[in-house]
There are 4 protein chains.
Amino acid sequence: MINFLDKRKEKKQRIIDAAASVFAEKGYSGTVMADIAKQAGIGKGTIYEYFPGKEELFFSVFEWMNTKMKQTARVSIAALGETAAGRLRVFSRVVVDAYNELQDMYTLTLEFWSAAAASPMRDRFQKALRQMYADYREMAASIIEDGIKSGEFRYDVDSRAMAAALVGGFDALGIQAWLEARFDMNGVSREFLETVIRGMKK
Amino acid sequence: MINFLDKRKEKKQRIIDAAASVFAEKGYSGTVMADIAKQAGIGKGTIYEYFPGKEELFFSVFEWMNTKMKQTARVSIAALGETAAGRLRVFSRVVVDAYNELQDMYTLTLEFWSAAAASPMRDRFQKALRQMYADYREMAASIIEDGIKSGEFRYDVDSRAMAAALVGGFDALGIQAWLEARFDMNGVSREFLETVIRGMKK
Amino acid sequence: MINFLDKRKEKKQRIIDAAASVFAEKGYSGTVMADIAKQAGIGKGTIYEYFPGKEELFFSVFEWMNTKMKQTARVSIAALGETAAGRLRVFSRVVVDAYNELQDMYTLTLEFWSAAAASPMRDRFQKALRQMYADYREMAASIIEDGIKSGEFRYDVDSRAMAAALVGGFDALGIQAWLEARFDMNGVSREFLETVIRGMKK
Amino acid sequence: MINFLDKRKEKKQRIIDAAASVFAEKGYSGTVMADIAKQAGIGKGTIYEYFPGKEELFFSVFEWMNTKMKQTARVSIAALGETAAGRLRVFSRVVVDAYNELQDMYTLTLEFWSAAAASPMRDRFQKALRQMYADYREMAASIIEDGIKSGEFRYDVDSRAMAAALVGGFDALGIQAWLEARFDMNGVSREFLETVIRGMKK
DNA sequence: TATGAATGAGAATTCATTCAT
DNA sequence: GATGAATGAATTCTCATTCAT
């Protein structure tokens with residue numbers, strides 16, 4: 001029984017993997033179910049044994065990617081015993097590493113945004129992305145707040161605003177890195193972060 | 001003759017306007033040529049007298065939007081005689097104003113990114129977006145460099161990196177503002193910019 | 001303008017004709033839209049310019065056949081100045097003639113019944129068939145009632161019951177005639193009617 | 001061995017029962033093999049151990065229903081020692097009772113007709129229905145003939161024609177009863193039969 | 001023997017584009 | 001020039017049937 005469920009989950013994941021790579025390459029609309037099936041090495045009809053349709057599958061891909069990134073982020077950020085600045089540096093490194101790792105899946109992210117912008121799935125995606133952004137901001141904000149409390153950062157720093165800017169900033173650097181092969185994401189993000197930290201320090 | 005060309009240009013623009021609003025609402029794939037025609041108050045076939053097809057029309061919408069934003073930006077940023085920090089503040093305000101103004105067209109931007117990510121038009125869009133980002137970065141970088149030269153900013157500030165971060169940051173705040181109605185873009189962007197400026201100052 | 005509407009109506013009818021013959025031959029489910037298009041000598045997509053889908057088209061075929069039969073019936077039955085028995089004979093002849101004429105379309109009728117029995121269109125068809133039967137019964141009942149009033153038929157004849165039996169009877173003879181080539185519908189229906197008339201006469 | 005065959009027959013019947021109820025509700029095309037399996041409480045594949053496919057199963061349902069009705073009819077009609085009119089009344093009651101009993105299966109009958117009208121199974125169904133109708137007509141005809149011979153009915157009554165009309169008539173009343181909940185089948189069929197008997201009597 | 005996961009043929013429908021008017 | 005009727009390629013999804021377990 002457990003074995004059965006495992007098998008099913010495994011196959012579901014195989015389809016998600018295949019779908020992710022095809023969606024990443026051709027975009028949501030450009031992707032044809034048959035391509036996903038071929039990529040997964042299964043029959044066209046089989047996908048529908050695991051997912052109700054294209055939209056659901058796409059959303060599942062989103063959820064999988066989302067979960068994956070959040071796990072990475074949360075684990076790494078827990079790093080305690082550091083200064084707030086130090087933890088922000090860890091946060092930065094984690095995000096940058098994640099981008100580097102998923103670089104060729106980055107187009108997927110853009111597809112998700114597009115789905116949130118205008119599509120029958122708009123609402124689900126907006127909600128999910130809103131939550132995702134909120135989570136990341138929350139992580140950053142709590143670090144900054146710790147910094148303020150400990151006296152490391154100026155008392156008048158707006159932690160929520162800066163968290164939004166930091167999270168957004170890293171995201172935007174990711175986009176530029178994806179767009180330009182020679183964009184030095186590591187360097188730029190470090191420089192950016194240090195400047196912001198300097199601006200927040202007493 | 002000139003009159004004739006004007007008429008044609010005018011009609012072309014009308015189609016672009018109509019296309020922009022429909023693309024913004026339904027996304028590229030969700031948009032049907034007939035809807036654009038109806039919105040423009042013309043016949044379906046007429047669009048093809050002015051544009052070779054859907055893709056070209058979409059790209060024309062992109063170019064039109066791009067041009068429009070760049071003009072606004074360039075004009076406003078020319079503001080001389082200010083300190084570098086002051087000019088960055090103007091830059092910021094311009095960008096924020098542009099977002100506020102175009103808010104309901106913001107989905108279009110996401111569609112452009114999606115087109116750059118994966119679509120038959122991928123290359124054109126990537127190139128254009130690359131250029132666009134480069135232009136904005138260049139604007140910001142030149143202001144920062146002026147600040148360094150004038151001694152207003154630290155000599156070790158990496159102007160290109162900070163330009164990328166600033167431009168990207170504003171972009172990312174725009175996305176968050178679009179996603180969450182109550183996101184205080186004005187406040188956050190001011191807070192963000194001031195912190196960065198502080199971090200760059202001597 | 002009128003010309004335009006005429007053209008459209010004409011083409012719509014051409015599609016209905018084509019559909020009727022294909023539905024009659026292959027049944028609703030066995031019919032493929034492409035076959036109808038081919039039969040009508042048009043492109044597959046063109047059907048959808050005139051009908052929203054297969055179901056609607058099928059229902060339109062039903063309505064067309066229904067209208068056609070009812071017109072024939074009503075016109076002929078108006079024959080006044082006859083005895084009730086005479087008018088029932090006219091009624092009978094009209095119905096029998098109609099069956100003979102539409103013999104190769106008879107399968108369509110069975111498809112309509114099947115659609116009423118179990119299909120997503122069930123309700124519409126049930127309603128329409130109910131109305132159709134009610135109309136025919138009404139015609140027959142009014143003749144019988146006239147016969148009762150005029151003293152031609154027994155005062156205790158239940159006109160509504162006999163109308164139902166007569167209409168149903170003819171219908172059922174039609175089915176048997178369709179099923180067996182050598183079924184003598186003319187003879188049987190005459191015999192049937194005369195017996196019933198005899199039974200109703202004083 | 002006999003036990004084994006019994007078990008098999010029993011299960012086959014269970015499948016037929018399940019199939020009958022699903023076909024009745026959703027029609028032939030609307031019925032999905034999986035639904036039948038679920039209704040029968042067995043696995044999808046198991047059906048194919050007992051029937052070669054959907055068509056065969058459907059035909060088996062038809063045969064089962066056919067047999068069932070014919071048995072009822074034959075048994076009841078054998079009632080001897082009565083007048084011809086009396087036996088016709090029994091015949092009528094039996095048919096009417098059967099309709100009342102199978103009311104919610106009536107849609108099945110319409111599906112059978114539709115299958116006979118146009119489907120790959122057309123020939124089989126036509127043949128079987130032809131036989132079925134012939135049998136019922138034969139039953140009625142023999143009663144009428146007895147009535148003629150015994151001098152109860154007019155010598156010029158066409159027994160075959162009247163048998164066709166009677167059998168068809170009851171069928172058609174069944175359809176109307178199915179279509180309209182408040183159709184008084186009992187009353188109408190009695191009225192109908194009495195009038196016909198009166199018309200046949202000397 | 002029983003099962004249900006896997007399959008792919010097949011069908012309805014959509015829509016960018018063409019072209020006769 | 002402007003139009004919109006006509007088209008058919010392309011796509012999603014369904015489901016009878018098979019077959020390995």
Side-chain angles (χ1 to χ4, degrees), chain A residues 4 7-8 11-12 15 29-38 40-57, chain B residues 4 7-8 11 15 28-38 40-58, chain C residues 3-4 7-8 11-12 15 29-38 40-58, chain D residues 4 7-8 11 15 28-38 40-58:
Chain A
F4 158 74
K7 274 243 165 92
R8 191 173 166 81
K11 192 146 197 184
K12 224 173 153 174
I15 295 173
S29 287
T31 291
V32 160
M33 292 301 265
D35 288 349
I36 296 176
K38 189 179 282 179
I42 59 176
K44 192 161 36 96
T46 308
I47 297 178
Y48 292 88
E49 298 286 329
Y50 292 84
F51 299 90
K54 195 182 181 185
E55 294 193 354
E56 281 297 331
L57 175 53
Chain B
F4 160 75
K7 274 247 166 89
R8 191 173 164 80
K11 194 152 193 180
I15 295 174
Y28 179 75
S29 287
T31 290
V32 162
M33 292 299 266
D35 285 353
I36 297 177
K38 187 182 282 179
I42 58 176
K44 205 171 8 137
T46 309
I47 297 177
Y48 290 86
E49 302 290 331
Y50 293 83
F51 299 90
K54 197 182 180 184
E55 295 193 353
E56 282 297 332
L57 173 54
F58 187 57
Chain C
N3 184 35
F4 159 73
K7 274 247 168 86
R8 191 174 166 79
K11 191 146 197 181
K12 226 174 151 171
I15 295 174
S29 287
T31 291
V32 160
M33 292 301 265
D35 289 348
I36 297 177
K38 190 179 281 180
I42 58 177
K44 195 160 32 99
T46 308
I47 297 178
Y48 291 88
E49 298 287 329
Y50 293 84
F51 299 91
K54 196 183 181 184
E55 294 194 355
E56 282 296 332
L57 175 53
F58 187 57
Chain D
F4 160 73
K7 274 247 166 88
R8 193 175 163 78
K11 194 151 192 181
I15 296 175
Y28 179 75
S29 287
T31 290
V32 163
M33 292 300 266
D35 284 352
I36 296 176
K38 186 181 285 180
I42 59 175
K44 207 169 7 136
T46 309
I47 297 178
Y48 290 87
E49 301 290 331
Y50 293 84
F51 299 90
K54 195 182 182 185
E55 294 192 354
E56 281 298 331
L57 174 54
F58 187 57

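Numbered from 1 within each chain, the chains take letters A, B, ... in sequence-line order.
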Treat a base pair as Watson-Crick or G-U wobble with both distances under 3.5 Å, then lay out DNA chain E in dot-bracket form, 5' to 3', with | for cross-strand pairs.
-> .||||||||||||||||||||

[X] [atom1] - [N] [atom2] separation (whole Å):
X       : N      : atom1 : atom2 : value
D:Leu57 : F:dC15 : CG    : P     : 16 Å
D:Ile15 : E:dA2  : CD1   : P     : 9 Å
C:Phe51 : E:dT13 : CZ    : P     : 13 Å
B:Lys54 : E:dT14 : NZ    : P     : 15 Å
B:Lys38 : F:dG4  : NZ    : C1'   : 13 Å
B:Met33 : E:dT18 : CE    : P     : 10 Å

Do any side-chain nitrogens or oxygens of B:Arg8 fall under 4.0 Å of OP1 or OP2 in F:dG1?
-> yes

May I ask you to verify if any side-chain N or O of D:Tyr50 is less than 4.0 angstrom from the OP1 or OP2 atom of E:dA2?
-> yes

Ignoring hydrogens and geometry, is there a side-chain-to-backbone donor-acceptor pair from A:Lys44 to A:Ile36 under 3.5 Å?
-> no

For C:Lys12 and C:Tyr50 the tightest heavy-atom approach is CE-O, 3.7 Å

Residue pair A:Ala40 / A:Ile15: nearest heavy atoms and the distance that separates them = CB-CA, 4.5 Å

Comparing B:Ile42 with A:Ser29, nearest DNA chain F nucleotide closer to 5' gives the residue B:Ile42

Find which nucleotide of DNA chain F each of A:Gly45 and B:Ile47 is nearest to by heavy atoms, and output the residue with the more 5' nucleotide.
-> B:Ile47

Pairwise 5' ranking along DNA chain E for C:Tyr48 and B:Glu49, keeping only the more 5' one | C:Tyr48

Checking all strands, does [X] fall into the base, sugar-phosphate, or nothing category for heavy-atom contacts under 4.0 angstrom?
X       : answer
D:Lys44 : base
D:Thr31 : sugar-phosphate
D:Lys11 : sugar-phosphate

State the CD-CZ distance between C:Glu49 and C:Arg8, to the nearest 0.5 angstrom.
-> 7.5 Å

Quick one: pull up NZ in D:Lys54 and OH in D:Tyr28 and give me the separation to the nearest 0.5 Å.
-> 5.0 Å

